[in-house]
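Reading through the structure tokens given below for one structure.
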There are 2 protein chains.
Amino acid sequence: MALGKDYATQECSIARALEVVGERWTLLVVRDAFYGVRRYNDFLVHLGIPRAVLAARLQTLTAEGVLEKRRYQDSPPRDEYVLTDRGIALWPVLRALSLWGRDHFTENRLRIFRHASCGTELGSYGECPACGTVVPAPDVEVVPGPGLDPNPADPVSRAILKPRRLLQPIEIEHG
Amino acid sequence: MALGKDYATQECSIARALEVVGERWTLLVVRDAFYGVRRYNDFLVHLGIPRAVLAARLQTLTAEGVLEKRRYQDSPPRDEYVLTDRGIALWPVLRALSLWGRDHFTENRLRIFRHASCGTELGSYGECPACGTVVPAPDVEVVPGPGLDPNPADPVSRAILKPRRLLQPIEIEHG
DNA sequence: CTTATTGGTTCAATGAGCGAACCGACGTGT
DNA sequence: ACACGTCGGTTCGCTCATTGAACCAATAAG
């Protein structure tokens, strides 16, 4: 993790997990990856994170197998960062955090997660109450809630406003 | 959170949650609280955390309503820190993190979570496969797995070794 | 009267996060 | 040919958080 020591003495899979995703900004980078953000610059403007920190996080997440660096054009050479299976497996963590944050610290709902195939809002452990199954991340649809600013400044936030599935790459409108 | 800025620009309940529990050590303090640790000194020896940091974390967790400071003796005045409902609501987050850590970063299982009333191991979203219900934290029993050191140095780790329910206060053996 | 226990606070050193500047490879406009 | 813009970084000086050790106050135990 950092600061000389990791969670050294801890025999615990929670501690082990936090050594990978417990640093500042890391889980927000992963969250953005679920929202379809893939490029350095898009993470940068959407998160307002210092460039050096973003570069460091992307590197450790790649090294830990949470993200995969993938070339998407050759000239100039450009890479994008995509969630691996290991990264996608973090979805329950983010969902649980999101639920806790909304239940205890926000007024209006900011984003609503639904089962894409039937439109039903997900239950408290990520299941579809209508279908009775736990919904995997690619089948989750995100729609903006009433508390979300409908006219955000940065293009990435604007791209995320449209109802979309998780993991679907964002499309930036230029102009 | 820290460092001058919180996750300022983020309109997101995940970011909001991380402002409360996203700092270094914080989620491990909460985890210990689930394991029944309640006293300053017990957190201290079990986590190997610097005293100043522990004091700071306990204070913000108390201020945010995750822990409650409760007097348990008057002379000398001594307080213990106990999870509130808001703190107990973090159980799904810890469970999800634990599952992810164990599936991706540990060899042998360290701890096993079971439904106390029937002994069945919890499923991947915290449900009891036998009973078909989601098991609330106080009904979860923790038993040590094969990967856990059976003879730890500190008394808190030893107290946690016995199969116990979550939230049940630990009993330290003196001597 | 000395020592131990509990729950802290204080302090100097170190390391991580911050923001601004810089940079290299490549496209684009003129 | 040359200036300018974009993308994905690296470098650097500053500040703030974390660390570990020392210190402290209240009380109990021997």
Side-chain angles (χ1 to χ4, degrees), chain A residues 1-9 18-19 22-29 32 37-62 67 69-82 154-156 170 172-175, chain B residues 1-10 15 18-19 22-29 32 37-62 67 69-82 154-156 170 172-175:
Chain A
M1 179 164 197
L3 278 173
K5 292 214 303 200
D6 315 337
Y7 295 122
T9 67
L18 288 173
E19 287 180 3
E23 284 178 304
R24 185 157 159 78
W25 294 110
T26 300
L27 275 178
L28 293 185
V29 170
D32 272 18
V37 178
R38 296 184 165 192
R39 301 189 188 175
Y40 182 91
N41 221 38
D42 292 341
F43 286 111
L44 200 68
V45 304
H46 188 231
L47 291 172
I49 182 179
R51 306 175 79 90
V53 177
L54 176 59
R57 295 298 182 271
L58 290 174
Q59 222 189 323
T60 65
L61 283 173
T62 304
L67 296 178
K69 193 171 184 172
R70 172 190 299 172
R71 176 123 326 169
Y72 69 89
Q73 75 177 208
D74 277 319
S75 146
R78 291 281 181 264
D79 301 306
E80 57 186 5
Y81 296 89
V82 188
D154 74 288
V156 178
I170 60 172
I172 303 286
E173 0 146 326
H174 297 282
Chain B
M1 177 166 198
L3 279 173
K5 291 213 304 198
D6 315 336
Y7 294 122
T9 66
Q10 301 299 312
L18 288 173
E19 286 179 5
E23 283 178 305
R24 184 156 158 79
W25 293 111
T26 301
L27 274 178
L28 293 185
V29 171
D32 272 17
V37 178
R38 295 183 165 192
R39 300 188 187 176
Y40 182 92
N41 221 38
D42 293 340
F43 285 111
L44 200 68
V45 304
H46 189 231
L47 291 172
I49 182 179
R51 305 177 80 89
V53 176
L54 175 60
R57 295 297 182 272
L58 290 174
Q59 221 188 324
T60 64
L61 283 174
T62 304
L67 297 178
K69 194 171 184 172
R70 170 191 300 173
R71 175 123 327 168
Y72 69 89
Q73 77 177 209
D74 276 320
S75 149
R78 292 281 180 263
D79 300 307
E80 57 186 7
Y81 296 89
V82 188
D154 73 289
V156 178
I170 60 171
I172 304 284
E173 359 146 327
H174 297 283

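Letters A, B, ... mirror the listed sequences (proteins, then strands); counts begin at 1. All figures in this text were calculated on a predicted structure; none of them were measured in a lab.
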Interatomic distance, [X] [atom1] vs [N] [atom2] [rounded to whole Å]:
X     : N      : atom1 : atom2 : result
B/N41 : D/dA28 : CG    : P     : 17 Å
B/Y40 : D/dA25 : OH    : C1'   : 14 Å
A/D79 : D/dT6  : CG    : P     : 20 Å
A/Q59 : D/dT10 : CD    : P     : 7 Å
B/R70 : C/dG7  : CZ    : C1'   : 18 Å
B/R57 : C/dG8  : CZ    : P     : 15 Å
A/I49 : D/dG9  : CD1   : C1'   : 13 Å
A/R38 : D/dG8  : CZ    : P     : 14 Å

How would you label the contact of B/A56 with the nucleic acid (heavy atoms, under 4.0 Å): base, sugar-phosphate, or nothing?
->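 No contact.
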Within the structure shown, what part of the strands sits under 4.0 Å from A/F43 by heavy-atom distance: base, sugar-phosphate, or nothing?
-> nothing
Kindly point out which of [options] is positioned nearest to the side chain of [X]?
X     : options                : result
B/Y72 : C/dG17, D/dT18, C/dG7  : C/dG7
B/R78 : C/dT6, D/dC7, C/dG17   : C/dT6
A/Y81 : D/dG9, D/dA28, D/dT18  : D/dG9
B/K69 : D/dT27, D/dT18, C/dG8  : C/dG8
A/A55 : D/dT27, D/dT19, D/dT10 : D/dT10
B/V53 : D/dT18, D/dA28, C/dG7  : D/dT18

Whichever of A/P50 and A/P77 has its nearest DNA chain C nucleotide further upstream toward 5' =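 With A/P50 and A/P77 compared, the 5'-side residue is A/P50.
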Taking the six-membered ring of B/Y7, is the NZ or CZ of A/R24 close enough (under 6.0 Å from the centre) and on axis enough (within 45°)?
->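 Yes, a cation-pi geometry holds between A/R24 and B/Y7.
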Closest nucleotide of DNA chain D for A/E80 versus for A/A52: which of these residues is on the 5' side?
->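 Nearest-nucleotide comparison on DNA chain D picks A/E80.
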Assess whether one donor atom and one acceptor atom, taken from the side chain of B/R51 and the base of C/dG8, lie less than 3.5 Å apart.
-> yes
Close side-chain approach of A/R51 to A/Y40, heavy-atom, < 4.5 Å | yes
Can you name the nearest heavy-atom pair linking A/R71 to A/D74, along with the distance?
->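 For A/R71 and A/D74, the tightest heavy-atom pair comes out as CD-OD1, 3.3 Å.
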Given [N], is OP1 or OP2 found less than 4.0 Å from the side-chain N or O atoms of [X]?
X     : N      : answer
B/R24 : D/dT19 : yes
A/S75 : C/dG27 : yes
A/W25 : C/dA16 : no

Could you walk me through whether A/I49 and A/L44 pass the side chain to side chain contact (heavy atoms under 4.5 Å, CB included) test, one step at a time?
-> CA-CA 6 Å; A/I49 182 179; A/L44 200 68; 4.2 Å; yes
Could you walk me through whether B/T62 and B/Y81 pass side chain to side chain contact (heavy atoms under 4.5 Å, CB included), step by step?
-> CA-CA 8 Å; B/T62 304; B/Y81 296 89; 3.8 Å; yes
Pair B/Y72-B/R39, side chain to side chain contact (heavy atoms under 4.5 Å, CB included): steps then yes or no = CA-CA 10 Å; B/Y72 69 89; B/R39 300 188 187 176; 3.4 Å; yes
